[in-house]
Amino acid sequence: MADFIVPSSQIFNAGVLIVKQFGSKYKVVWCKAVRKKGYQLLNDSVDGGENDSEVPHKNFEKLSNNISRAKSLIFEYAYCNSWDYFITLTISPDKFDRYSLNAYVKALGKFINNYNTNYHSKISYLLIPEQHKDGAWHMHGLISGILSKHLTVNKNGYLEFSLYSKRFGYCSLSPLKSHEAVSKYITKYVTKDLSSMSLGQRLYYCSKGLKRSQMLYRFDKVESDLLEWDFVHPDGFCKTAMVDNLDFLENMVFSDLY
């Protein structure tokens, strides 16, 4: 039987341009090709065909994809919501188990819920766990909704959430200088150094009800020279930019790339 070859134009959408609204700005993403739904590589569909040498590679690839998705979502939550402070949360060994992330996250969630109820506030948060070299955990992230009467200045000149400190340990807060800069900065805490994390452990934690970006447009067969891009992948496959307006759409050029 002769081999049946499906034309690439039937498998991929070429020159895909996606425009999303991020608060008052817009994120523009251009991809050279995006695989259509219903098509997948043969290697992805083989059932039980893996050998031992392929498993570590597939696990690493899955981890890399998870990290990439987490960074994208963290930036989205950070950029699309209003925050008061960048916060670092630590755990004192005399107050709580510094090595049990799940127990700490559960206790922290209960603490925040009780605070919101008792003080008629609404704390919103986006937190990323990080480990010390000895395996103990701490958190970095963004937060809003803490009442000013519960903030004090510590000996290092940083703001401190006194009720948290009494319950868990030292913390510090810094007012935001640049919303966009800090939204990019916090993604650096999501790294590939996750060998000590439990299977299924979350890479970030956020409060319910946070705003996300809004999908506005998607176009195919678009030329990539319509913008000055903020980021271009080394192989040119993907390009991204944050823009203040959508004027570039008026001069958009379409082309058959396949």
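Predicted, not measured: the structure shown is a model, and the values here were computed from it. In this chain, residues are counted from 1 in sequence order.
Of the possible donor and acceptor atoms, one in the side chain of His179 sits under 3.5 Å from a partner among the backbone N and O of Ala78. A donor-acceptor pair under 3.5 Å is formed between the side chain of Trp30 and the backbone N or O of Val222. Between the Asn154 side chain and the Gly157 main chain, a donor and an acceptor come within less than 3.5 Å of each other. Of the possible polar contacts, none joining the Ser100 side chain to the Asp97 backbone as a donor-acceptor pair under 3.5 Å is found. Using modelled atom types, no side-chain atom of Glu223 and backbone atom of Asp225 make a donor-acceptor pair closer than 3.5 Å. A donor-acceptor pair under 3.5 Å links the side-chain atoms of Ser72 to the main chain of Ser68, judged by distance alone. Formation of a donor-acceptor pair under 3.5 Å by the Thr88 side chain with backbone atoms of His140 is not found in this model. With hydrogens and angles disregarded, a donor-acceptor distance shorter than 3.5 Å links the side chain of Arg98 to the backbone of Ile91. The main-chain N or O of Tyr158 is never found under 3.5 Å from a side-chain atom of Asn156 such that the two would form a donor-acceptor pair. Panel note: side chain Asp220, backbone Gly15; no donor-acceptor pair is recorded below 3.5 Å.
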Stepwise side-chain contact (heavy atoms from CB on, under 4.5 Å) check, Phe248 with Val19
CA-CA 11 Å; Phe248 69 91; Val19 181; 4.2 Å; yes
Evaluate the criterion side-chain contact (heavy atoms from CB on, under 4.5 Å) for residue pair Ser124 and Leu210; output intermediate values, then yes/no.
CA-CA 8 Å; Ser124 296; Leu210 293 183; 4.1 Å; yes
Working note: Cys171 + Ser165, criterion side-chain contact (heavy atoms from CB on, under 4.5 Å); need CA distance, chi angles, decisive distance, verdict.
CA-CA 6 Å; Cys171 73; Ser165 299; 4.0 Å; yes
Kindly indicate, with the supporting measurements, whether the criterion side-chain contact (heavy atoms from CB on, under 4.5 Å) is fulfilled by Ser183 and Phe22.
CA-CA 12 Å; Ser183 297; Phe22 276 65; over 6 Å; no
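To the nearest 0.5 Å, atoms OG (Ser172) and CD (Glu160) are separated by 8.0 Å. Note: Asn114 CG to Leu163 CG = 11.0 Å, rounded to the nearest 0.5 Å. Atom-to-atom distance recorded for Asp84:CG and Leu173:CG is 9.5 Å, nearest 0.5 angstrom. Between Trp137 atom CH2 and His132 atom NE2 the span is 10.5 Å, to the nearest 0.5 Å. To the nearest 0.5 angstrom, Lys184 atom NZ is 14.0 Å from Lys71 atom NZ. In this structure, the separation between CD on Gln214 and NZ on Lys27 is 15.5 Å, given to the nearest 0.5 Å.
Taking the six-membered ring for Trp, Tyr204 and Tyr189 have ring centres at least 6.0 Å apart. Between Tyr170 and Phe161, the gap from one ring centroid to the other reaches at least 6.0 Å.
Pro129 has its side chain within reach of Tyr205: a pair of non-hydrogen atoms, C-beta onward, lies under 4.5 Å apart. Under the 4.5 Å side-chain criterion, counting only non-hydrogen atoms from C-beta, Met215 is in contact with Ile18. Side chains of Ile146 and Leu159 form no contact here, defined as non-hydrogen atoms less than 4.5 Å apart. Residues Met242 and Asp230 are in side-chain contact: their nearest non-hydrogen atoms beyond the backbone lie under 4.5 Å apart. Side-chain atoms of Leu203 and Ile128, non-hydrogen and from C-beta on, never get closer than 4.5 Å to each other. Contact check for Asn81 versus Leu142: no side-chain heavy atoms found under the 4.5 Å cut-off. At a threshold of 4.5 Å between non-hydrogen side-chain atoms, the residues Thr240 and Val28 do not count as touching. A heavy-atom distance below 4.5 Å is found between the side chains of Leu226 and Leu17.
The local environment of NZ in Lys110 is sparse, with at most 12 non-hydrogen atoms from other residues, nucleotides or ligands closer than 6.0 Å. Within a 6.0 Å radius of NZ in Lys211, no more than 12 heavy atoms belonging to other residues, nucleotides or ligands are found.
At a cut-off of 3.5 Å, with distance as the only test, a side-chain donor of Ser213 or Glu76 sits close to an acceptor on the other residue. In summary, the side chains of His150 and Tyr164 do not present any donor paired with an acceptor at a separation below 3.5 Å, with no hydrogens or angles considered. Between Thr90 and His138, the side chains place no donor N or O within less than 3.5 Å of an acceptor N or O (distance only, hydrogens not considered). Under the 3.5 Å distance criterion, with hydrogens and angles disregarded, no donor-acceptor pair is assigned to the side chains of Asp244 and Tyr26. Looking at His233 and Asp235, their side chains do bring a donor and an acceptor atom within 3.5 Å of each other.
Both Val153 and Ile87 are members of a single hydrophobic cluster when ILVMFWY side chains are connected at heavy-atom separations under 4.5 Å. Transitive grouping of hydrophobic side chains (ILVMFWY, heavy atoms separated by less than 4.5 Å) keeps Tyr85 and Phe75 in distinct clusters. Phe237 and Val29 fall into different hydrophobic clusters, defined by Ile, Leu, Val, Met, Phe, Trp and Tyr side-chain heavy atoms under 4.5 Å apart, directly or through other members. Follow the hydrophobic side-chain contacts under 4.5 Å out from Tyr185 and you reach Leu176 in the same cluster. Linking ILVMFWY side-chain heavy atoms closer than 4.5 Å, directly or via other members, places Tyr79 and Leu126 in two distinct hydrophobic clusters.
Minimum interatomic distance between Gly169 and Ser92 (heavy atoms only, all atoms of both residues): CA-OG, 3.2 Å. Between Gly23 and Cys80, the closest heavy-atom pair is N-SG, 4.2 Å. When all heavy atoms of Phe86 and Ile186 are compared, the pair lying nearest together is CE1-CG2, 3.5 Å. Between Tyr115 and Leu147, the closest heavy-atom pair is OH-N, 3.0 Å. Heavy-atom minimum distance, Lys25 versus Glu180: NZ-OE1, 3.2 Å.
Cation-pi check for Arg212 over Tyr77 is met; the charged atom lies under 6.0 angstrom from the ring centroid and within 45 degrees of its normal.
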